[in-house]
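In what follows, a single structure is set out as structure tokens and then discussed.
No experiment lies behind these values; they were computed from the predicted model shown.
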Amino acid sequence: MHEAYEIRAGIEEIAGRTAAEVLKGNTGELQKELEAMRVALSTGDLDGCAEHDVNFHKAILQSSGNRNLLRVWEGLVFDVRIRISISKVSKDLPEVVESHQPIVDALRNGRAREASLLLRNHVETFAEYLKKSDSDSGVHRASRKDMEGAKDVQQAFFPPQSFSIPCLSCETFYQPARGIGGDYYDFLSLSGGRWGIAIGDVSGKGIGAALLMASLQASLRAQALHPHSDLTALIGDVNRLVYESSPTAFFASLFYAEYEPATRMLQYVNAGHNPPIILRPQMESCELFHLRAQAVPIGMFVDTQFSATKFQLAKDDILVAYTDGITEAANASGELWGLERLERLLRFCSRIAPNQIVERILAEVSEFANGGPQRDDVTLVVMKVQEGCEI
């Protein structure tokens, strides 16, 4: 319940910021719902109070015009959660009800930032009141059930294990630090036989990061699956969408590439992500190439300029993409596993299969951490160029 309310706080903060323009001078319905809440409170009608509270907050979400926010709010059944929770905070309910008035005032005067912060504070305060009352084991069982459901939902965001790209053998691994998390990878079948390959890392961990990861994935898919020729404009559009629909402290590193099997050409944009590494077998050694970042992460600034780079792959080349849960795994002394160890391992991996590479990386990281806790989400994507799609 408490993690769900963290998400609600973020959702309503965004909604308040975008609804202010629509509701400026037009908050009569919100004031009407607030007056009804006051009446219900005065007569001890907690169900009525909850009903008008739900109507109040849904009206703001609807006014924001952001259907994704409303869909997530409804998907996490906050209308039910509010009805369940009202009785638990009855002692503090007068303060909860009156905290709606400053929100109405800010929206009526078009003060977007003030309205958004007031909404976040309202939800977070309500959640604090709930914390004081939630002490029985039934609440914790329900919370675990919610978490399991969220894990199932997030798993559906990732490509199925049977997914394949022509002339590439591929192996992936994903393990969140808290059951669900903010790491992300995806494969997209594009027009003209091309394939989109994405890996990203959202700031933060847990349910909040998972929600923002879903927003990033939806934005990228919406743009990439439409016909396009300019990768820089595509990522620029994704950045704008993410920036406009996310809390101010949100950002995400993103590596997005489009691969053409017939020519083995990889064109990519790296927005602040750990550089994927290309392994190229030589006679007695292995050459490494780094697909380095050319811009800051997605969602930091609305007007970020992105640049695209091409890399010509060859048969037997291997691409290793990862998130910093790999390189920043720590041992008991606080020492990080680091990029140097990863590169040293990969130099001896150019002639083995992707699944073996994943196994070796995970085994070495685990041995280095020596049973220490996983501090960050871990994601690996390893792909090897095969014969069959000749140039």
Original post:
Measuring from Lys384:NZ to Ile352:CD1, what's the distance to the nearest 0.5 Å?
Top reply: 8.5 Å
Original post:
Got a donor-acceptor contact below 3.5 angstrom from the Arg83 side chain to the Asp79 backbone?
Top reply: yes
**OP:** Go through the side-chain N and O atoms of Asp201 and Thr323 and say whether any donor and acceptor fall under 3.5 Å apart.
**Re:** no
Original post:
So do Leu93 and Cys49 actually touch side chain to side chain, heavy atoms under 4.5 Å?
Top reply: yes
Distance-only donor-acceptor hits, side chain of residues 56-65, under 3.5 Å, sequence neighbours excluded:
| residue | atom | partner | partner atom | Å |
| --- | --- | --- | --- | --- |
| His57 | ND1 | Glu12 | OE1 | 2.7 |
| His57 | NE2 | Asp53 | OD1 | 3.1 |
| His57 | NE2 | His100 | NE2 | 3.2 |
| His57 | NE2 | His122 | NE2 | 3.3 |
| Lys58 | NZ | Glu74 | OE2 | 3.2 |
| Ser63 | OG | Ala59 | O | 2.8 |
| Ser64 | OG | Leu61 | O | 2.6 |
| Ser64 | OG | Asn66 | N | 3.2 |

Original post:
Hey, does Asn270 have a side-chain heavy atom less than 4.5 Å from the side chain of Pro276?
Top reply: yes
Subject >> Interatomic spacing from CZ in Phe126 to CG in Asn121 - rounded to 0.5 Å >> reply: 13.5 Å
Original post:
Are side-chain N/O atoms of Gln101 and Arg38 paired as donor and acceptor at under 3.5 Å?
Top reply: yes
Original post:
Ring centres of Phe255 and Tyr268 under 6.0 Å apart?
Top reply: yes
**OP:** Using a strict 4.0 Å threshold on nitrogen-to-oxygen distance, state whether Arg360 and Glu364 make a salt bridge.
**Re:** no
Subject >> Euclidean distance, Arg108 CZ relative to Lys24 NZ, rounded to 0.5 Å >> reply: 12.0 Å
Original post:
Are Val296 and Phe251 close enough that some pair of their side-chain heavy atoms sits under 4.5 Å apart?
Top reply: no
Original post:
Do Leu216 and Met213 touch side chain to side chain, with heavy atoms closer than 4.5 Å?
Top reply: no
Subject >> Carboxylate-amine/guanidinium contact Arg120 Glu13, below 4.0 Å >> reply: yes
Original post:
What about Phe78 and Tyr5, are their ring centers closer than 6.0 Å?
Top reply: yes
Subject >> Basic-acidic side-chain contact under 4.0 Å: Glu35, Lys32 >> reply: no
